[in-house]
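Everything on this sheet refers to the single structure shown next.
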Protein chains: 2
Amino acid sequence: MTYANDMPTVEKVARTDAGLAAELRLGVMRLRRRLAVERHPDNELSLNQMGVLGVLARRGALTVGELAAAEKVQPPSMTRTVNCLLESGDVAKRPHATDGRQVVVELSEQGRQRVLADRARRDAWLAQRLRELTPQERAVLRQAAPILDRLAQKD
Amino acid sequence: MTYANDMPTVEKVARTDAGLAAELRLGVMRLRRRLAVERHPDNELSLNQMGVLGVLARRGALTVGELAAAEKVQPPSMTRTVNCLLESGDVAKRPHATDGRQVVVELSEQGRQRVLADRARRDAWLAQRLRELTPQERAVLRQAAPILDRLAQKD
DNA sequence: GAGGAATAGTTAGCAGAGGTAATGACTTAT
DNA sequence: ATAAGTCATTACCTCTGCTAACTATTCCTC
C-alpha cells in the first residue's frame, strides 16, 4: 500500500531542510518500534541485550561504564542489562585488574555462540525487508547506517 | 572518544550485506534513544505525543484506529496517547459522522500552534547535529529518511 | 427486522526499559 | 591521613508498549 497522491508524503516533506530532522526522527522512531516487535521469536533476549552482546563481540571485554557510554544509557540501566545477561549465562563479570571500583564484562562461550547464531539468522524481518528494496535504496541505507550511529554518538 | 583504529568500525561492518541489518538496527536504536533524551526542554510533550500531533497536522483529522496504524502501535496505546493530548488541550475528540463506533481526533488551535512552534524551533539537537554533517551526508539522510519510514510501514 | 458476527474504542493489568537520587567501595590528590 | 572524586549498584519512579477482556455499534444473514 502506498500513500495517496494528493497528500504530503514523507518524501516530499523531507526534501526541505526544515523537515529533515522531523522526518528522520519519525522514521527512526517508527522503525525502532517495528524492530522491537518483529524480532526473531526464538530469541529470548531483548534487542538491548543483543545489542550489548554485539558490542562486546566487536570491541572485546568492557567495563559497565564503557558499555553504558557505548549504548548511550546511564550506568544503572547498563548494570541491570548486564545482570540479565549474567543470569542467562551470556556474559561473565570479573574484577578490573588494577582498579577495584570497576567491573569488567566479557562474553561467555554461550554468549559468543549466541552472537554467531544471531548473525547467521539475522536475515529475519529487517533483512527480508531490505531485500525487497532496490539496490539503490540498499546502497543509501548502507551509507546512512554509519551516519545515524555517528549522530547518536555526537557530543 | 573515538574507536581505536584496529577494530571493526560501523562503517567497515556495514559494507557487507550480512551486517547491514545489524548496523542499521544499532544506529536506529541508539539514535532514537538519543532523540528521546535530547528533545527540547521547554516542551512538556513526549516524542510520541508530538509525533501524533505531527501526523494530525499532515493528514488532518483521523480516527484513533487510523492514528494507531499510522504510528504502528496497538489501539489501546493510541487511546492513552490521545487522552494525554486531550488533557493537555492539544486535540479534540468528536464522534464520527456516520459510524458511531469510531472517534475522530483533530488538532485544537493550541495543538496547531504547538506544531508550528515545534517546527520553528525544531532545529534543536538533531538539526544542529545535521548541520555538522557534510552536505553529502545530509543528502544521504534525506534519501534515507523516507526509506526508513517505508521499512517501518512494510507488511 | 431480529439475532449473531465483526469492528472500534476503551479499560485493566502487566512488563520492559529508561531515568534520577542516594549509597558503598575504591582511588586519587592534597 | 583525609578529603574529594569515580565506578558500580540499589531503590524507586515514569513512560510506553503489549494482551485480554469488555462495551457499543455496525454489518450480515436469515
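Side-chain atoms are counted along with the backbone in the values below, which use heavy atoms only and exclude waters and symmetry mates. Naming: A, B, ... by sequence-line order, numbering from 1 per chain.
Q102(B) is linked by a side-chain contact (heavy atoms from CB on, under 4.5 Å) to T63(B), H96(B), D99(B), counting only residues two or more places apart in sequence or in another chain. When the side-chain contact (heavy atoms from CB on, under 4.5 Å) test is applied to E109(A), the partners found at least two apart in sequence or on another chain are R112(A), Q113(A). Residues that satisfy the side-chain hydrogen bond (donor to acceptor under 3.5 Å, both in side chains) test with Q74(A), not counting sequence neighbours, are absent from this structure. In this structure R32(A) satisfies the side-chain hydrogen bond (donor to acceptor under 3.5 Å, both in side chains) test with no other residue, sequence neighbours excluded. By the salt bridge (charged side-chain N to carboxylate O under 4.0 Å, His left out) test, E71(B) is found to be paired with R30(A), residues two or more places apart in sequence or in another chain being considered. Remark: A61(A) pairs with R94(A), V104(A), E106(A) by the side-chain contact (heavy atoms from CB on, under 4.5 Å) rule, at least two apart or across chains.
Taking each heavy atom of V105(B) and V82(B) in turn, the nearest pair found is CG2-CG1, 4.0 Å.
Within a heavy-atom distance below 4.0 Å of DNA chain D, the residues of residues 74-96 of chain B found are Q74(B), P76(B), S77(B), R80(B).
With contacts defined as side-chain heavy-atom distances shorter than 4.5 Å, the pair L151(B)/L133(A) qualifies.
Here the range on DNA chain D touched by chain A, meaning any atom under 4.0 Å from one of its heavy atoms, is dG5(D) to dG17(D). Taking every nucleotide of DNA chain C with any atom under 4.0 Å from a non-hydrogen atom of chain B, the first and last of them, 5' to 3', are dT7(C) to dG18(C).
When each of R33(A) and T98(B) is assigned the nucleotide of DNA chain D with its nearest heavy atom, R33(A) is the one assigned upstream, toward the 5' end. Both R101(A) and Q102(B) lie close to DNA chain C; mapped to their nearest nucleotides by heavy-atom distance, the more 5′-ward contact belongs to Q102(B). Nearest-nucleotide positions on DNA chain C for Q49(A) and T63(B) put T63(B) closer to the 5' end.
L67(B) pairs in a side chain to side chain contact (heavy atoms under 4.5 Å, CB included) with only one of the listed residues (V73(B), V52(B), V91(B)), which is V52(B).
No salt bridge links R150(B) with E132(A); every basic N to acidic carboxylate O contact stays at or beyond 4.0 Å.
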